[in-house]
Amino acid sequence: MLERIGKRIYYLMGEERTDRPCLYYIHGDNKNLVVDAGNSKIEYPDLSEIQVVTADIVLEEDMCLELGGIEARLLMRDSTHSRDALFIHVPEERALIIGDADCEDHYDGGGKHDKKKLEELIAFFQTFDVDYYLVGHDQPQTVEEEKEFLEEALTKLEMTSR
């Protein structure tokens with residue numbers, strides 16, 4: 001069932017059993033945007049079942065989508081999780097969709113955070129005036145909750161590097 005965040009953003013909680021990520025829905029007056037906020041290797045044990053279709057729009061730089069009464073700013077950045085993270089800032093709702101961007105790097109980093117990338121991510125997040133971070137596989141996080149999560153991850157890295 002869709003849960004509401006603010007006036008124009010809704011989400012469908014992911015499924016823990018299959019690691020299915022949350023889905024986010026941004027409702028504009030003229031257009032809507034649906035965001036699949038993560039990845040689920042477990043959901044498809046046989047990756048050959050996935051049929052990739054070429055996108056209609058390929059981002060080569062940041063982009064702003066005017067949905068009518070609300071905008072979605074698509075921001076391409078490196079993250080602690082992957083080299084191709086896409087953040088979606090919805091200023092009118094004071095929300096930032098971050099998907100799995102705050103998670104450990106299971107692609108190049110052996111399932112660990114990279115200290116430099118984590119520090120860069122924290123600095124990037126501090127540039128936004130938001131109330132919520134909409135994550136890949138959990139309930140929306142308040143600024144305080146996300147800050148605490150990231151600072152704990154940074155502290156663990158600093159303790160293990162001593």
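Lys115 and Leu154 get closest at one heavy-atom pair: CG-CD1, 4.0 Å. Here the shortest heavy-atom pairing between Arg73 and Pro91 reads CZ-CG, 3.5 Å. Nearest heavy atoms, Phe87 versus Asp78: CE1-O, 4.4 Å. For the pair Glu146 and Ile98, the tightest heavy-atom approach, listed with the atom from each and the gap, is OE2-CD1, 3.7 Å. Taking all atoms of both residues into account, the shortest heavy-atom contact from Leu121 to Ala101 is CD2-O, 3.6 Å. Taking every heavy atom of both residues into account, Asp114 and Leu157 meet most closely at C-CD1, 4.1 Å.
By the 30° and 60° cut-offs, the orientation of the rings of Phe124 relative to Phe128 is perpendicular.
Between the side chain of Arg20 and the backbone N or O of Glu16, no donor-acceptor pair lies under 3.5 Å.
In summary, Glu120 and Lys116 engage in a salt bridge, as defined by a charged side-chain N under 4.0 Å from a carboxylate O.
For Glu92, the side chain to side chain donor-acceptor pair (under 3.5 Å) test picks out no residue, with sequence neighbours left out.
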Residues 57-70 side chain polar contacts: donor-acceptor under 3.5 Å, at least two apart:
residue : atom : partner : partner atom : Å
Asp62   : OD1  : Met76   : N            : 2.9
Asp62   : OD1  : Arg77   : NH1          : 3.4
Asp62   : OD2  : Arg77   : NH1          : 3.2

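Taking OH of Tyr11 as the start and CG of Leu2 as the end, the distance is 10.0 Å to the nearest 0.5 Å. The structure places CG of Leu23 at 5.5 Å from CG of Leu12, a figure rounded to the nearest 0.5 Å.
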